[in-house]
Amino acid sequence: MNLKQFSDLLAAYGAEETRWPAEIRDEAIRYRREQPEAIELVHDAQALDAALQRYEAKDDVSRLQSRILRQVQESSAEPDIVDRIWNWLVPERAALGTLWRPALVATLPLLIGVVLGGSLPEPADPLNDSWDDEIYLLALGEEEPQQ
Amino acid sequence: MTDDVEAVLVEQVRLGDQRAFAEILAAHLGPVNRYVYRMTANTTEAEDITQEVFLRLWTQAGRFDPQKSKLSTWLHNIAHNLCVDHFRKNGRMVSGDPAEETGGDEPEASLIAMIEAEDIKAAVMQLPERQRSALLMCHYQGLSNKEVAEILDISVSALESLLARARRTLKTLLANGGSP
């Protein structure tokens, strides 16, 4: 390690060695110990570190914690029937094996149509209409009773 | 809490285990909230954003991959993105980099040592969001340079440039009483 590298290290991470990257920490600690010119650089970086440490953030998060837990409990209440159907249809982690569910639902209208169509009576075929009946009835009408 | 234990807890959260969620919340709420507070400098906004971070943990636990990162890194990633979204929505992105507008010698360490906490808070808020986030995560949150680089989606050397600029800017702002 040289002075420039040590200077760049302090410029980025400050003087506190616990913040230095693990891979160069030991080498930097040795450099700091052995090189007099490192001392002033460390001193400058320490001043900013100390100033940053005075920027405190609130530690008491108990109210926020309760609020988040309450929200999670409310969101975990038993889902209604629509949500349950939807969650079954499209699980959170839709693996390939579960794709049959939405595929099945998508083909349902087709299946219903096929079943309904098959159960309906066949429509009358005009070509095979009951002319026979007509002719028979006409023939009955032509026969006069013999007196 | 070790990484393995956390991975198991997150898997339990994914299955809807509220007790596992409460355990993770207890361990990580404080650090995440402190990061978000220092990003926003506003208690109410910080609490709303922090709440959203953990609600995403509850609803999207399946997205956490313990092979790719630690839980704290994942949570900070969500927090960082939510903060940036928040600033964009509220028109609070800091444009420009105060450090580039300054010149001259670095201010004396003795001046900086006398700065009050409110001045530091104000100076940190003047940093561009990426510099602020990088500095907060490295200095206060105990994340490694690799973890922070991953969150910001930059290389480690780019992160170090970002950090150096942030610290240089802060020194100048603090020495000049808050102006560049």
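So that the names make sense, note that chain A is the first sequence line, chain B the second, and so on, each numbered from 1.
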Query raised in the report: Tell me, do B/His76 and B/Glu147 make a side-chain contact under 4.5 Å, heavy atoms counted?
Result: no

Query raised in the report: Among B/Arg34, B/Glu47, B/His139, which has the most heavy-atom pairs under 4.5 Å with chain A?
Result: B/His139

Query raised in the report: What residue, out of B/Val124, B/Leu135, B/Leu143, B/Val156, has the most heavy-atom pairs lying under 4.5 Å from chain A?
Result: B/Val124

Report summary line: From the list A/Arg33, A/Arg25, A/Arg32, salt bridge (charged side-chain N to carboxylate O under 4.0 Å, His left out) partner of A/Glu17 resolves to A/Arg32

Query raised in the report: Which region of A/Ala22, side chain (C-beta onward) or backbone (N, CA, C, O), has a non-hydrogen atom less than 4.5 Å from a non-hydrogen atom of chain B, or is it both or neither?
Result: neither

Report summary line: Pair count under 4.5 Å, heavy atoms only, with chain B: among A/Asp49, A/Thr18, A/Leu9, highest is A/Asp49

Query - Backbone of B/Val13 reached by a side-chain donor or acceptor of B/Asp17 within 3.5 Å - result: no

Query - Interchain contact, B/Ala26 with chain A, by part (heavy-atom threshold 4.5 Å) - result: both

Query - Region of B/Thr43 that comes under 4.5 Å of a non-hydrogen atom in chain A - result: side chain

Query raised in the report: Given a strict heavy-atom distance threshold of 4.5 Å, which part of B/Phe21 is in contact with chain A: side chain, backbone, both, or neither?
Result: side chain

Report task. Check the surroundings of atom CD in A/Glu40: do more than 12 heavy atoms from other residues, nucleotides or ligands lie under 6.0 Å from it? Result -> no

Query raised in the report: So does B/Lys146 pair up with A/Glu23, basic N to acidic O under 4.0 Å?
Result: yes

Query raised in the report: Can you say whether A/Gln46 sits under 4.5 Å from chain B via the side chain, the backbone, both, or neither, judging by heavy atoms?
Result: neither

Requested in this report: State whether a side-chain donor-acceptor pair under 3.5 Å links B/Asn145 with A/Tyr13.
Outcome: yes

